[in-house]
J.: 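Sharing a structure with you now.
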Amino acid sequence: MMGVVEPHPDSVAAVDTVLATTRSVRRRLDLTRPVDEQTILDCIDLAEQAPTGGNQSSRRWLVIRDPGQKQKLADIYRRAGGDRIVSQYEGVAGTGHHNEKVLASAAHLAEHLHEVPAIVIVTIWGEHDGSGRPGLFDSVIQSAWSFCLALRARGLGSAWTTLHLNAADEVNDVLGIPDGVTQIVLLPVAHTVGTDFRPAARTPAREITYVDRWGATRAEPSDGPLTFAAGPGVTVEIDIDARADDVWPFVSEPDLLARWSDEFMGAEWDDPDTEPGLGSTFTGRNRLEPLGEWTTTSHITAFEPGRVFEWAVRDPDEPGARWRFELIPLAGATRLRYAMRFGPGPSGLTRAIDDDPGNETRIIRARQRTHAANMTRCLEGIRGLAESAAAR
Ligand SMILES: Cc1cc2nc3c(=O)[nH]c(=O)nc-3n(C[C@H](O)[C@H](O)[C@H](O)COP(=O)(O)O)c2cc1C
């Protein structure tokens with residue numbers, strides 16, 4: 001192993017490439033090219049550098065190369081869920097379904113698992129106590145992922161798979177894994193066909209990173225105390241047991257939010273005879289002590305039925321605030337995300353800051369908390385309506 005080493009600036013690009021492009025490789029696993037054992041051991045040595053609770057050596061790695069053993073594992077994998085993936089794929093093949101590509105790839109792996117040069121199963125001594133506290137898995141998952149990264153750096157690939165865990169006891173029997181050891185992941189290992197892989201589309205960090213408090217976002221980079229210029233915002237989310245199409249009617253009618261908000265009193269579409277869509281406007285009434293009542297015109301700036309409903313307050317080019325509902329499909333359910341961003345245009349918030357500039361951060365934080373509470377009540381209300389509508 002290496003002695004003391006310092007990161008070199010040139011290595012950043014190489015590391016970032018590996019981090020950004022270590023994909024689940026299934027169809028591009030080279031089933032014909034052997035993998036030498038030392039390469040796998042080198043990757044395990046690197047993976048073992050990952051942290052472990054109590055600094056104990058508790059991870060155990062199984063490398064399965066014997067064709068008979070691989071066949072038995074592949075049979076279990078298929079029975080435990082692989083066959084279901086294959087038939088799901090057959091159901092959507094050629095339809096352009098949003099999961100078609102992943103299903104095609106997962107079905108391919110299920111059908112060829114016995115042919116991969118090596119199957120690596122990562123395990124750990126111990127059984128999870130179900131307490132919800134960090135413990136068992138937290139000492140092994142990071143290591144298994146390091147193994148995948150080390151493979152990628154060497155032109156090999158893998159796919160993180162867990163279907164076999166539905167039949168973990170059968171796998172224990174085949175491999176002789178003793179009681180008290182927990183399997184975490186099954187990794188098919190092979191050289192990849194070509195080494196060019198792309199980064200995947202993922203939610204940008206700014207949208208899923210909260211600063212100093214759950215749900216508190218910033219649209220712009222900012223290193224000092226929180227300021228209005230950083231584009232502060234609030235994001236709240238809720239999981240709804242209904243499909244996105246059943247949730248959509250309740251997010252695309254702003255007037256409804258008045259039922260649950262302390263501040264928002266109601267809204268009317270400015271052109272009630274036209275179906276709302278991109279560019280439509282509505283007038284909203286608001287009330288807040290000690291400011292009293294005020295109205296605002298809002299402009300629909302994104303309108304994708306079943307997906308996104310967004311509006312900008314006052315001026316769409318320089319809004320006082322921007323509000324957005326996003327419906328994220330989950331299996332049979334929907335995660336509803338409700339996000340708002342203050343500014344960059346003027347609003348009640350900018351007036352409050354202008355009146356008391358020394359308290360900018362505190363004023364913004366208080367406003368974020370008020371909005372978060374109102375927005376959370378709105379999401380709970382929408383969930384109630386959508387789930388009852390879906391149950392009908
Ligand atoms: C916890 C977990 C379990 C998974 N189980 C399986 C599995 O059993 N079979 C499979 O083919 N892929 C499995 N995957 C891989 C995902 O389907 C994969 O991450 C997804 O297709 C996205 O592809 P990417 O990793 O290339 O971004 C699993 C991934 C995770 C994180």
J.: How many angstroms lie between atom CZ of F303 and atom CD of E275, to the nearest 0.5 angstrom?
T.: 7.5 Å
J.: Go through Q183 and V171 one step at a time and tell me if the side-chain contact (heavy atoms from CB on, under 4.5 Å) criterion holds.
T.: CA-CA 9 Å; Q183 299 177 51; V171 176; 3.4 Å; yes
J.: Okay, side chain of E100, backbone of G94: is any donor-acceptor separation there less than 3.5 Å?
T.: yes
J.: Is atom CZ of R60 surrounded by more than 12 heavy atoms (other residues, nucleotides or ligands) closer than 6.0 Å?
T.: yes
J.: Test your reading of the model: is there a side-chain donor-acceptor pair from S139 to the backbone of G53, 3.5 Å cut-off?
T.: yes
J.: Under a 3.5 Å distance rule, please check whether R322 uses its side chain to pair with a backbone N or O of W311 as donor and acceptor.
T.: no
J.: Would you say R206 has more than 12 foreign heavy atoms packed within less than 6.0 Å of its CZ?
T.: yes
J.: I'd like to know if the side chain of N99 and the backbone of V102 have a donor-acceptor N/O pair within less than 3.5 Å.
T.: no
J.: Going by atom types alone, do D271 and S280 pair a side-chain donor with an acceptor below 3.5 Å?
T.: no
J.: Answer with yes or no whether the hydrophobic clustering places V86 together with L109; edges join I, L, V, M, F, W, Y residues whose side-chain heavy atoms lie under 4.5 Å apart.
T.: no
J.: Applying side-chain contact (heavy atoms from CB on, under 4.5 Å), run through L288 and D262 and close with a yes or a no.
T.: CA-CA 8 Å; L288 187 66; D262 281 347; over 6 Å; no
J.: Tell me who clusters with V193, hydrophobic residues only, linked when side chains sit under 4.5 Å apart either directly or through other members.
T.: none
J.: Can you tell me how far apart CH2 (W248) and CZ (F250) are? Round to the nearest 0.5 Å.
T.: 13.0 Å
J.: Kindly work out whether a path of hydrophobic side-chain contacts (I/L/V/M/F/W/Y, heavy atoms less than 4.5 Å apart) joins L163 to V185.
T.: no
J.: Could you measure the distance from the OG1 atom of T195 to the CZ atom of R154? Nearest 0.5 Å is fine.
T.: 14.0 Å
J.: Which distance, rounded to the nearest 0.5 Å, do you find between the CD1 of I121 and the CG of L187?
T.: 9.0 Å
J.: On the 0 to 90° scale, with breaks at 30° and 60°, tag the F342-H371 ring pair as parallel, tilted or perpendicular.
T.: parallel
J.: If you measure from CE on M375 to OG on S261, what distance do you get to the nearest 0.5 Å?
T.: 10.5 Å
J.: Does a donor on one side chain sit under 3.5 Å from an acceptor on the other, for E310 and T301?
T.: yes
J.: Quick one: does any side-chain atom of D66 pair with a main-chain N or O of Q69 as donor and acceptor, under 3.5 Å?
T.: yes
J.: So Y338 and W323, would you call those rings parallel, tilted or perpendicular, with 30° and 60° as cut-offs?
T.: tilted
J.: For N55, is the CG atom crowded, meaning more than 12 foreign heavy atoms sit under 6.0 Å from it?
T.: no
J.: Is it true that R26 and S105 share a donor-acceptor pair across their side chains at a distance under 3.5 Å?
T.: yes
J.: Where the side chain of D30 meets the backbone of T192, is there a donor-acceptor pair that is under 3.5 Å apart?
T.: no
J.: Are H112 and E115 linked by a side-chain donor-acceptor pair shorter than 3.5 Å?
T.: yes
J.: Where does the angle between the aromatic ring planes of Y210 and W214 fall among parallel (under 30°), tilted (30 to 60°) and perpendicular (over 60°)?
T.: perpendicular
J.: Output yes when a side-chain donor or acceptor of T334 lies under 3.5 Å from a complementary backbone atom of L336, and no otherwise.
T.: no
J.: To the nearest 0.5 Å, how far apart are CZ in R79 and CD in E170?
T.: 4.5 Å
J.: Closer than 3.5 angstrom, by distance alone: can the side chain of R377 be matched with the main-chain N or O of W260 as a donor-acceptor pair?
T.: yes
J.: Examine the side chains of T39 and D36 and answer whether a donor and an acceptor come within less than 3.5 Å of each other.
T.: yes
J.: Please determine whether side-chain contact (heavy atoms from CB on, under 4.5 Å) holds for the pair F228 and E360, giving the CA-CA distance in whole Å, both sets of side-chain angles, and the decisive distance to 0.1 Å.
T.: CA-CA 8 Å; F228 182 78; E360 179 166 2; 3.5 Å; yes
J.: Judged by atom type as modelled, is there a donor-acceptor pair below 3.5 Å linking the side chain of S143 to the main-chain atoms of A47?
T.: yes
J.: For a quick check under 3.5 Å, do E48 and W61 share a side-chain donor-acceptor pair by atom type?
T.: yes
